[in-house]
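No experiment lies behind these values; they were computed from the predicted model shown. Just so you know, these numbers use all the heavy atoms, side chains as well, and skip hydrogens, waters and symmetry mates. Just so you know, ligand 1 is whichever comes first in the structure, and atom 1 is the first atom listed for that ligand.
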Amino acid sequence: MEGRWIEVADRVLVRRHSELDLSVGLVLGDGGCLVVDTRGDARQGAELAAEIRRVTRDPWTVVITHSHFDHSFGTGAFLDCPVWAHEACRTDLVANGPAARDTWARWYRERGQDDIADDLAGTEIALPDRLVTSGAEITAGGRRIVLAHFGPGHSGNDLVVHVPDADVVFAGDLVENGAPPDYEDADPLAWPNALDGLLALPGTSTATTVVPGHGDPVGRGFVLTQRAEIAAVADLCREVASGALDREHAVRLSPYPRETTLVALGRVS
Ligand SMILES: [Zn+2]
């Protein structure tokens, strides 16, 4: 069984996976729990559900941080239960989920990982049924949970999950630790604003723990640094789009590797 639990705050667990360096969340309460993201296919979702059952027998509620397969395609293993997500997450899963499944199954097959490719190809994409437009407050096992959308960023449907009593924020892929931020589906110009929203969540502090979608949990300082880098990329995108800067020059000035920067530039110009 792949993965290990770490407890980042009182009854707030993060399960770290070597596959894609993914981090998913588990918030324990009294008589209920909250699962933040469900991994990338039906088998991975079932494994996660089984691991959660070793921690708690309480009924679960699921929140999906965004529609990308590695965060959402395991949801079927948790049904029947409430599944929260941004409204555009559901729209994206309906419109683009099957194509994303094909693309990523091919990606795994080309890497020789036929087992994951087969699991992914055989996965039915479950849809969220509790949809958020800008924000919502829910409870899980009596604990207050704040769901917030701050406009497009890493995707068009990023949802931040805040656990105020534990001072923990699950950021989805708005924050990435251990690899450059992923711009494939991003709005590079809007991303800094989404991070500003995250950093300004009422109840967060200098000691807030932020759980990225990939990589180990980080502190506020890490997010501020990444916000500055993402804002620098946004400036480069604007300058290239306006013709003030050529692409190669922008690549040299970027805080991120060439490939990451070219993807970001391609999303704007
Ligand atoms: Zn993502």
Given OD2 of Asp173 on one side and NE2 of His66 on the other, what angle do they make at the Zn ion (ligand 1), to 10°?
90°
Centres of the His149 and His66 rings: under 6.0 Å?
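Not under 6.0 Å, so no.
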Which Ile, Leu, Val, Met, Phe, Trp or Tyr residues join Leu174 in one cluster when any pair of side-chain heavy atoms under 4.5 Å counts as a link?
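Hydrophobic cluster check, Leu174: joined to Phe150, Val160, Val169, Val175, Tyr183, Trp191, Leu195, Leu198, Leu199, Leu201, Val210, Val218, Phe222, Val223, Leu224, Ile230, Val233, Tyr256, Val263.
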Assess whether atom CG of Asp129 is packed by more than 12 heavy atoms of other residues, nucleotides or ligands within 6.0 Å.
yes
Would Leu159 and Ile64 satisfy side chain to side chain contact (heavy atoms under 4.5 Å, CB included), going step by step from the backbone distance to the final call?
CA-CA 7 Å; Leu159 200 59; Ile64 304 297; over 6 Å; no
Name of the His154 atom (N/O/S only) found closest to the Zn ion (ligand 1)
NE2
What is the name of the N/O/S atom of His68 that is nearest to the Zn ion (ligand 1)?
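When I compare the N, O and S atoms of His68, ND1 is nearest to the Zn ion (ligand 1).
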Any N/O/S atom from Asp182 (main chain or side chain) under 2.8 Å of the Zn ion (ligand 1)?
no
Would you say His71 reaches the Zn ion (ligand 1) with an N/O/S atom under 2.8 Å?
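Here the distance criterion (N, O or S atom, under 2.8 Å) is not met by His71, so no.
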Please lay out, stage by stage, how Asp37 and Leu22 fare under the test side chain to side chain contact (heavy atoms under 4.5 Å, CB included).
CA-CA 10 Å; Asp37 286 346; Leu22 192 76; 5.8 Å; no
